[in-house]
Amino acid sequence: MSDLNAQAVAKYRTNFLKEVEERVEEGEWVKMCMQCGVCSGSCPLGPYWAHPPQEIFMMIRAGRRDEVLTSDSMWMCTSCYNCIVRCPRKLPITHIMHGLANYAHRLGLAPKNQPTRVFATLFWNNLIRTGRVNELKLSLALYFKDGFKQGIQNALNMQKTGLGLMKAKRLNPFELFSGHGCKDKKGIAAMLKKAREIEASRKHFAN
Amino acid sequence: MAEEKKVAAYICQGCGIGERLDTANLAKVAQKEGRVNLVREHAILCNAEGVKMIRDDIANEGVTHVAVVACSRRAKTEAFSFPEVALARANIREGVIWVRPDTDEARETTQEMADDYVRMVCAELKAMKLPAGNPDAGHSRTLLVVGGGVSGMTSALAASQAGYSVVLVEKTGQLGGWAANLHKRMPAHEPFKDPQDTGVSDMIEAIAAASDIKVYLNATVAQTSGAPGRFKVSIATESGATTEEDIGAIVQATGFSLYDASKLSDLGVGSSANVVDQAGLEKLAKAAAAANAPIRRPSDGAPVKNVVFVQCAGQRDASGTHLPYCSGHCCNTSIKQAMYFKDANPEIDTTVIFTDLRTPGNGEDFYRSAQRKEVTFTKGRVSRVEATGNTCKVNFHDLILDDQNASIADVDLVVLATGQVPNSGVNIDLPAEAGADEEGQKVVSILNLSYRQGKDLPQLKWGFTDSHFICFPYETRRTGIYACGPVRRPMDIVQAMEDATGATMKAIQAIENAALGRAAHPRAGDLSFPRVRIEGCTQCKRCTVECPFGAIDEDEKRYPVFNEGRCRRCGTCMGACPVRVISFENYSVDTVGQQIKAVDVPDEFSEKPRILLLACENDAYPALDMAALNRIQSSAFVRAVPVRCLGSVNTIWVTDALNSGYDGVMLMGCKHGDDYQCHFVKGSELATYRMSKIDDTLKQLGLEPERVATYEVAITDIERVPQLINDYAAKIEEIGLSPMKGF
């Protein structure tokens, strides 16, 4: 159990709804759900989720902490915003889904190989290094996410596309070595640090 | 009023009547066949000049009976209002020119139609008298309110403010009813966020301050007799003596009792002291508020930390064991009660387990407010509540997660939302010896009416008192007696107050109409009343049994005794009477019978059938008018006669029509059954029943059963009604003309 998770369990015990309300982005909306099911009915990916939003909200209220936080359901959200548009109680459902996914990830409870989680992690780590996304490194990292052999295979499969992009001056191979970044890298790092501090205090991560 | 009958017919030429019809011929028909004393034509009869012409004739020529041959009786009623003379209307606009095509081929039959309506109106008018009003009018302006709860107090205060004196009878020792037992009530005003004071003490004070409200506590109604405006009510008081009061109208606001929670042993009643119903929680909350302490669980007095509300406990039960209906207020009540806990201490876990959360009125805002206060709402069905020491375990089927074995443990208090059971008194439709409920307890009558038809108001469904649910919710089948509040249907305080105000307004109307000798709703203002030629009566009792309003009693010799004040003037008694001794001055077996006879029935070689249409004036006739307004064409062979209610149709009209050569008879009345629309509740149902028995008569006459057809129509059936007429006319053509012509 990660420290953050242990600390959360100790703090909230059985009151998972309270935990979500205080620590999850837009989590204070969960209690306002009236269980009409319009979100689940509107979700284009609904049939493929283990638990559509209506159920997730109910599970939160029923205190099923582990089941919710280890679920891959909220990682399935494609941000189409159908549910937000239709929710009669005006819940920002898409944002709540992302908030829950992010919270589960921070506690180390999110499913390890969930593709959306892997991609999001790669993207974020890639981005914060220089303040810009290095597309070449991001694609390559994605190729190699399932091991070295599969990575080579993926790269070979994409060879033609890569060469095409190079010819069209859309891909610079030298980006692999250094890559260009933003002007004030230190400033970006400082900004992110501050944002993390604000979030930690607002979401009570410190205590 | 002139002694002699002088009949005048006025023929309008406006609205295209003059262009489409030969009005000179109509005048000739009125003169020659209708034998009226005076005929006048006018270009636009309803304008000031036309009306003045009629008024002058009434004043100068001594006209006593006026036939207006123009538009439908439902149109221009203000212009053609001559209360001092008998008035009849022939409908040649909506009834003739608007439903017929303006073509050369159609001209002849259209003219015949109009001619017939002129003959009919002349015949009707001659059989009519100007109604004189109820001679036995009562003039009491006092309202009796039975029940001193929120509904009763609201009614008493509303009547008092409107200037009527009130007698309020309450069976317990104090006013306030259920609401007095509440800690707080659901909010009635913006922003609908927090429970508010019940306001009962203010109402009690207002009643004490009102000099025209006389309150009897610990009292019941021992007997009610009479009619609107002149009810005699004996009130049994605490001392055992009875007091007599003269009453104009009655509002019954006897409220409800809670469903007996001891029948809910599955939900822990009996096995744990910590399972209470909503009233039980109100008691705990009141005690806690008085002691300025948290709400404590009954078993050991420990403060409640975890409370579960079980919705629909013993309600909405399809199995037939418990109440089948939803009591409407309980979701809001549970929300309010959950707030008792959350407002005192947000750390208390409160869970409402519901199947459908129903929050009428502004309850949706209240529901949201509870969600903001972190009351947990769980959609589920509670299967069992187990007692575990000083706590309970609530087992339920989670309907969202489809978890059969969901449960909440360590619950300090379980609150069951049980339903409202109306205090309706005796069910008069049950056999007299029954008179007891299933537990063998004697049901006590509330009004103790000395009516032949039973002691209390009829019940509609599930024991709730009568109400014309779809169209006129305050109306009962006992004139001048209005039910309001949860005795009429399940409701909360806001609804009960609105209901009580409405019922009071109806009661005041009844008082005013009764004093003027006029009918109450739906023929409000009607001055006619049933007259019986008692020497012809055979004591068959059909009138007393079939009267939907319990207006007719029996004397010691078993003759019917009509109580004009209780009568709604529907004429169901007239339709029922086999010897035809019951009539109204302006509506009788004769007024309609003469119209039927006046129609010119062509011989069997003419290929012109005649179809009699008896149409209910409340719904069917307006539907016909509206169809005409939309210029929907229908058969020229139909002669429509409006009737007060299909229940007033005497079978003699049908047999007379067929005997005199009509080819078919159509009857159009309102929808009957559970969701009836009949203004007189039972009229259309009785008519359908009577017509179902007419087959034998038809057989004796050697006629096909299709020659009499009964239809249920609604006022909105604007396209269907002409279609029914045309289909029926086609059917008559198919089976051929009646063989009875020319006899």
Side-chain angles (χ1 to χ4, degrees), chain A residues 11-24 26-43 46-47 49-71 73-74 83 87-93 96 100 204, chain B residues 193 305-306 308-309 311 331-332 334-335 338-339 342 345-360 363-382 391 393-412:
Chain A
K11 182 169 183 212
Y12 296 102
R13 294 175 198 283
T14 53
N15 200 340
F16 185 42
L17 178 62
K18 189 99 188 155
E19 180 180 348
V20 169
E21 184 157 344
E22 288 186 357
R23 297 201 150 189
V24 172
E26 306 279 9
E28 69 274 17
W29 281 96
V30 172
K31 61 174 183 276
M32 298 308 290
C33 166
M34 64 173 192
Q35 294 296 328
C36 66
V38 165
C39 51
S40 304
S42 306
C43 181
W49 296 31
H51 307 292
Q54 180 196 16
E55 271 185 43
I56 298 260
F57 297 149
M58 200 64 227
M59 287 158 77
I60 293 171
R61 294 182 191 180
R64 298 194 185 185
R65 186 174 188 274
D66 290 349
E67 235 177 297
V68 172
L69 293 177
T70 56
S71 163
S73 289
M74 49 275 187
C83 49
C87 177
R89 279 289 178 83
K90 300 191 166 71
L91 266 67
I93 299 165
I96 302 170
L100 281 168
H204 313 282
Chain B
K193 272 187 179 156
K305 291 258 171 270
N306 188 358
V308 170
F309 294 86
Q311 296 310 106
C331 285
N332 279 329
S334 286
I335 290 170
M339 286 189 188
K342 281 290 184 189
N345 177 6
E347 296 301 313
I348 298 174
D349 285 330
T350 53
T351 310
V352 178
I353 304 181
F354 66 95
T355 48
D356 307 278
L357 208 71
R358 295 178 175 178
T359 54
E364 195 67 17
D365 286 342
F366 196 43
Y367 172 24
R368 260 192 286 260
S369 170
Q371 286 183 303
R372 280 193 198 100
K373 291 179 183 180
E374 304 201 338
V375 176
T376 303
F377 290 88
T378 298
K379 191 174 166 83
R381 193 169 282 126
V382 175
T391 59
K393 186 175 172 216
V394 179
N395 299 297
F396 66 101
H397 176 192
D398 189 316
L399 293 168
I400 299 295
L401 306 177
D402 197 21
D403 180 359
Q404 299 270 7
N405 302 314
S407 67
I408 302 174
D410 302 327
V411 180
D412 297 311

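Chain A is the first sequence line, chain B the second, and so forth, proteins listed ahead of strands; every chain is numbered from 1.
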Out of curiosity, [X] [atom1] to [Y] [atom2], how far, rounded to the nearest 0.5 Å?
X        : Y        : atom1 : atom2 : value
A:Gln35  : B:Asp356 : CD    : CG    : 12.5 Å
B:Asp349 : A:Leu17  : CG    : CG    : 10.0 Å
A:Arg61  : B:Gln371 : CZ    : CD    : 6.0 Å
A:Lys31  : B:Arg372 : NZ    : CZ    : 8.5 Å
A:His51  : B:Ile400 : NE2   : CD1   : 13.5 Å
B:Asp398 : A:Met59  : CG    : CE    : 10.0 Å

**Report entry** Carboxylate-amine/guanidinium contact A:Arg64 B:Asp403, below 4.0 Å
**Finding:**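 A salt bridge links A:Arg64 with B:Asp403.
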
**Report entry** Interface moiety of B:Thr378 toward chain A, non-hydrogen atoms closer than 4.5 Å
**Finding:** both

Query raised in the report: If you take all heavy atoms of A:Met58 and B:Lys379, which pair is closest and at what distance?
Result: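 In terms of heavy atoms, the two residues are closest at CE-N, 3.9 Å.
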
Requested in this report: Assess whether atom NZ of B:Lys373 is packed by more than 12 heavy atoms of other residues, nucleotides or ligands within 6.0 Å.
Outcome: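 More than 12 heavy atoms, drawn from other residues, nucleotides or ligands, come within 6.0 Å of this atom.
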
Report task. Under 4.5 Å heavy-atom distance to chain B, tell me which part of A:Glu28 shows up: side chain, backbone, both or neither. Result ->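 Neither the backbone nor the side chain of A:Glu28 comes within 4.5 Å of chain B.
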
Requested in this report: Apply side-chain contact (heavy atoms from CB on, under 4.5 Å) to the pair B:Leu357 and A:Met34, showing each step before the final yes or no.
Outcome: CA-CA 9 Å; B:Leu357 208 71; A:Met34 64 173 192; over 6 Å; no

